[in-house]
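Presented below is the structure to which this report refers.
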Amino acid sequence: MTSSKHILVTGGAGFLGSHLTELLLEEGHRVTVVDNLYTGRLENLASLQERYGERLDFRKEDIRRLEFDQEVQEIYNLACPASPPAYQKTPIDTTETCVIGALNVLALAKKYNAKVMQASTSEVYGDAQVHPQPEGYWGNVNPHGIRSCYDEGKRCAESLFFDHNRLYGTRIKVVRIFNSYGPNMDPKDGRVVSNFIMQALRGEPLTIYGEGTQTRSFCYCKDTVRGFRALMDTEDEFLGPVNVGNPGEFTIRELAEKVLALTGSKSTLVKRPLPADDPKVRRPDITLAKEKLHWAPQISLSEGLPPTIEYFSKLV
Ligand code: UDP
């Protein structure tokens with residue numbers, strides 16, 4: 001049994017934030033969630049609030065103007081829209097959230113000697129020319145394209161985390177998350193898993209961007225947040241960055257076929273233009289996560305899609 005801590009989760013009302021918050025509460029910790037509800041949703045926390053009462057504190061705050069200032073032992077910085085349509089809608093806010101948000105959580109971690117984990121992303125590898133992507137690959141990012149508000153924001157946040165550690169000894173951890181999916185995703189957030197399942201359930205055509213030959217590697221949310229916990233528990237000397245993702249790689253067309261088979265939907269497939277700078281391939285090299293975190297995903301796409309479909313079916 002781990003001793004009970006006070007833990008801050010920024011972005012805790014979001015998709016992964018809510019799963020992480022649940023895991024931390026299950027472990028017996030006290031959790032403060034800070035979220036501005038731009039893409040986070042209170043319904044993701046409703047059942048946790050009922051189950052755990054005062055051990056869960058929610059504060060509607062924007063991490064660019066973080067007012068929360070209480071002693072915490074751990075901080076997970078998940079606050080940032082992660083879906084391309086969402087982060088591109090307000091691109092300057094996205095970069096500000098990444099950069100100013102990182103500075104604010106780092107200052108808090110330094111003040112209380114707390115450990116702080118940055119939710120970084122496979123997007124730091126951009127349109128990768130090394131496949132699969134190991135952490136040592138520096139990436140191929142368009143610095144002024146429509147994705148750069150997120151990609152460069154997250155890259156800058158990594159830079160700030162490591163400089164804070166070098167300058168002040170701040171206890172940092174950096175995780176690079178690869179395409180996570182599962183219950184609590186926003187049905188309207190525009191990502192491929194939520195789009196395809198909602199379209200299949202409604203009998204609408206599934207929108208394939210480009211030829212659908214681009215690949216992604218999908219990690220079930222419970223595996224992903226287990227990876228965060230494993231990273232936080234590593235010795236202080238291990239900072240990351242470390243990939244957390246499922247190496248099972250699928251073309252977007254294969255994903256569409258799987259969703260159709262599992263939902264029994266008669267929907268057709270329709271082609272739509274491929275957005276600019278859309279990465280052609282993506283698969284994590286998880287050698288480092290296995291070695292340092294003793295972590296590997298346990299839930300395959302075929303196992304993770306049914307509970308995800310069940311969640312979305314209640315929202316149609
Ligand atoms: N995509 C698609 N149809 C959709 C939404 C997305 O074909 O309705 C494609 C998108 O172009 C990308 C992949 O699916 O190649 C994953 O997109 P998503 O927005 O989920 O995440 P990304 O990995 O691009 O951040």
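Counting convention: from 1, in listed order, for ligands and their atoms alike.
- Here Glu123 has side-chain heavy atoms under 4.0 Å from ligand 1, and that is the only part of it that gets that close.
- Residue-level proximity to ligand 1 for Gln214 is carried by the side chain, the only part with a heavy atom below 4.0 angstrom.
- A salt bridge is absent between Lys154 and Glu123: the closest approach of a Lys/Arg side-chain nitrogen to an acidic carboxylate oxygen does not fall below 4.0 angstrom.
- In terms of protein heavy-atom proximity, atom 3 (N) of ligand 1 is closest to Thr207 O, 2.6 Å.
- For Glu310, the CD atom counts as loosely surrounded, since its 6.0 Å shell holds 12 or fewer non-hydrogen atoms of other residues, nucleotides or ligands.
- Nearest non-hydrogen protein atom to atom 11 (O) of ligand 1 is Asp278 OD2, 2.7 Å.
- Atom 1 (N) of ligand 1 has as its closest protein heavy atom Tyr209 CD1, 3.3 Å.
- In summary, Lys258 and Glu254 do not engage in a salt bridge, as defined by a charged side-chain N under 4.0 Å from a carboxylate O.
- Closest to atom 25 (O) of ligand 1 among all protein heavy atoms lies Arg147 NH2, 3.2 Å.
- Judged by distance alone, the side chains of Asn77 and Thr10 do bring a donor and an acceptor atom under 3.5 Å apart.
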### Task
Go through Thr207 and Gln199 one step at a time and tell me if the side-chain hydrogen bond (donor to acceptor under 3.5 Å, both in side chains) criterion holds.
CA-CA 8 Å; Thr207 50; Gln199 289 161 344; 3.0 Å; yes

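- Taking every non-hydrogen atom of Phe196 and a distance limit under 4.0 Å, the qualifying atoms of ligand 1 come out as 3 (N).
- With distances taken over non-hydrogen atoms, the option nearest atom 13 (C) of ligand 1 out of Ile252, Thr251, Ile208 is Ile252.
- One side chain, Arg229 or Tyr76, offers a donor N or O that lies under 3.5 Å from an acceptor on the other.
- Looking only at heavy atoms of the protein, atom 20 (O) of ligand 1 is closest to Val192 N, 2.8 Å.
- Between the side chains of Thr97 and Tyr38, not a single donor N or O lies within less than 3.5 Å of an accepting N or O.
- A heavy-atom separation below 4.0 Å is found between Pro84 and ligand 1.
- What you find for Asn184 and Tyr311 is that their closest heavy atoms are N-CZ, 3.1 Å.
- Between Gly12 and Leu45, the shortest heavy-atom distance links the atoms O-CD2, 3.4 Å.
- Counting protein heavy atoms only, atom 21 (O) of ligand 1 is closest to Asn179 ND2, 3.6 Å.
- Taking atom 16 (C) of ligand 1 as the reference point, the nearest protein heavy-atom neighbour is Arg216 NE, 3.6 Å.
- Below 3.5 Å of separation, one finds no N or O of Pro275 facing any N or O of ligand 1.
- The atoms of ligand 1 that sit less than 4.0 Å from any heavy atom of Asn195 are 4 (C), 5 (C), 8 (O).
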